[in-house]
Amino acid sequence: MHLIQRMKIWKELRRLEQRAKEQPSPSTFVDLGQVYINLDLHDKAEAMATDGLALFPKSIELRQLLDCARRGLRTRRAQELRAKLTRSPHPKLFRELAQIHIELGDTASLHALCQEWSLRFPDDAGSWLVLGQARLTSFYRDLAAREGQEAVQCLQRAVNMDPKDPQARRLLGEVLYRVGAVHEAQRHLEALRDLDASEPGIEQLLQHVQGLADHGDDIAALLSSVEAHGSLLHPSAEAARRAPGGEQSMTQARLGLQRVAEIEGVEKATFIRGSKAMVKGAIRDGKDPFLRIVRVTAKAAHRFARRLDIGNASKTVVEGDYGRICICVFGEALAAAQCTEDCDQLQVLTELQELVAGALHTVEE
Amino acid sequence: MSKINDAIAELRHAPGVKGAAVVTADGLVAASSLATGLDAEVISGLASYLMMTTNRSLDEGGYGLCSKLLLNATHGKAVLVQLDDSYLVVLFDQFAEIAQADREVDGAVARIRRASRLA
């Protein structure tokens, strides 16, 4: 950079720093953070965004700035690790770089890295575990059978290479029971308990799995069924624990809805099955327009997806001046929430998905 | 018009994008770039139906209009963005991460808006 240009930038920086001190507002913090990013000072931009968020916790721009600064830091760290790996490859460095690629959502680089990792260190199960974790995350998000199959294969390979690795066993056991291969999952979870009885939560997990119905060990067929239905067959142990015994159906739905309503930024939430609706938040009565909007949009989205031959519409998000309306559907069970623009959309959708998945579980019982 | 076509064609190269189209509110195709097997007429009709139905229910409820709609289905994903008198429809494969293509979609929206105003 030209010396005069640099001096101008530093002058501008000092002016913005002064302004941020005298007139703190989201835009002054963002302007200053942007200059830091332009100067490649991502650590300073991150600190600026953190300070700003302490004063203005709901600012979307500051969150975006923080995200951008962290991405910059991760990208730089990834470049450093890449250079180190070229000089002296080591499984530990591969693991750290893979984690950064996961955080950056850079799937293509992750796959290439894991391929290189497994070629350089063919006896290290780490590459298969990391790849399995990444595939599993996509499977839980999209419920696509192909991703599930890849995840199971990677995790099985990791378990075969290192039977004493508790993480691979646990992930494999969890995905297997959630798709319905309960007996197969039990085998892995019991092996995990035998490896280390002090493994956190293993006894409760085994108890939870023992109470579930087995649907065979044809994993490919089970994954296809999950994809076709748009929902996992069994709820997670945590979701099941939230509503113990008794009047399962209603209690579980009510608690699930409560969790959705408690997320910061959620204004209205509903769980609808058939003609009945359960509501939380600022909903006056059954005639509240939110309920009609949710039903109409879910139906239109369903029709759109079916006619376009892309399967069932499981998640829909409608954005506007009012914020966002997030909708999750399975069969005749529907869960939806209206939230503000700065609300954590991913968290809302995850909770809504758990809610409709729980509904499937109780219907089955 | 060619600028709109250019924006659509460029968007088509974003990761996971199977097709993109600009459709009018009454379901006519203004511009499109789609993978083989996708019919522009079908997509425009369905997109118009989805946006109009959603907008009508939002409007009747006093919510105003929808600016963007994201849809996740078993075998694919879709993003519909409200333009001035039309919609941008972007179709993704089931493995695509819509958030990663946000920048490309926003860029295409800005270019189409600019081109529409000039025309």
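Here is the naming used below: chain letters follow the sequence lines, and residue numbers restart at 1 for every chain. These figures come from a predicted structure and were not determined experimentally.
At a threshold of 4.0 Å, the pair B:E10-B:K3 does not count as salt-bridged, since none of the basic side-chain nitrogens sits closer than that to a carboxylate oxygen. Ionic pairing of A:R71 and A:D106 is not present here: no N-O contact between side-chain nitrogen and carboxylate oxygen is shorter than 4.0 angstrom. Taking 4.0 Å as the cut-off between side-chain N and carboxylate O, A:R70 and A:E103 do not count as a salt-bridged pair.
Side chain of A:R324 to backbone of A:V318: no donor-acceptor contact under 3.5 angstrom is found. A donor-acceptor pair under 3.5 Å links the side-chain atoms of B:T74 to the main chain of A:N312, judged by distance alone. One N or O on the side chain of B:S44 and one on the backbone of B:E41 form a donor-acceptor pair closer than 3.5 Å.
Heavy atoms closer than 4.5 Å to chain A are found in the backbone of B:L65, but not in its side chain. If you measure heavy-atom distances from B:Y63 to chain A, the contacts under 4.5 Å come from both the backbone and the side chain. Using a 4.5 Å cut-off between heavy atoms, B:L38 does not touch chain A at all. For B:E60, the part sitting under 4.5 Å from any heavy atom of chain A is the side chain, from C-beta outward, and nothing else. In this structure, no portion of A:I327 lies under 4.5 Å from any heavy atom of chain B. Using a 4.5 Å cut-off between heavy atoms, A:R146 contacts chain B through its side chain alone, with no backbone atom that close.
Closest of all the heavy-atom pairs between A:V130 and A:C114 is CG1-SG, 4.3 Å.
Listed by chain and number, the residues in a salt bridge (Lys or Arg N to Asp or Glu O under 4.0 Å) with B:E97 are A:R141 (sequence neighbours excluded).
Comparing B:L69, B:L91, B:L71 by heavy-atom pairs within less than 4.5 Å of chain A, the highest count is held by B:L71. Options A:A305, A:A300, A:C326, A:G311 differ in how many heavy-atom pairs under 4.5 Å they form with chain B, and the most are formed by A:A300. Between chain B and the residues A:G323, A:P289, A:A145, A:A108, the largest count of heavy-atom pairs under 4.5 Å involves A:P289. Among A:E147, A:R292, A:R303, the residue with the largest count of heavy-atom pairs under 4.5 Å with chain B is A:R303. Taking chain B as the reference chain and counting heavy-atom pairs below 4.5 Å, the highest number among A:D288, A:V317, A:T316 is found for A:V317. Counting heavy-atom pairs under 4.5 Å between each of A:D321, A:I325, A:T297 and chain B puts A:T297 at the top.
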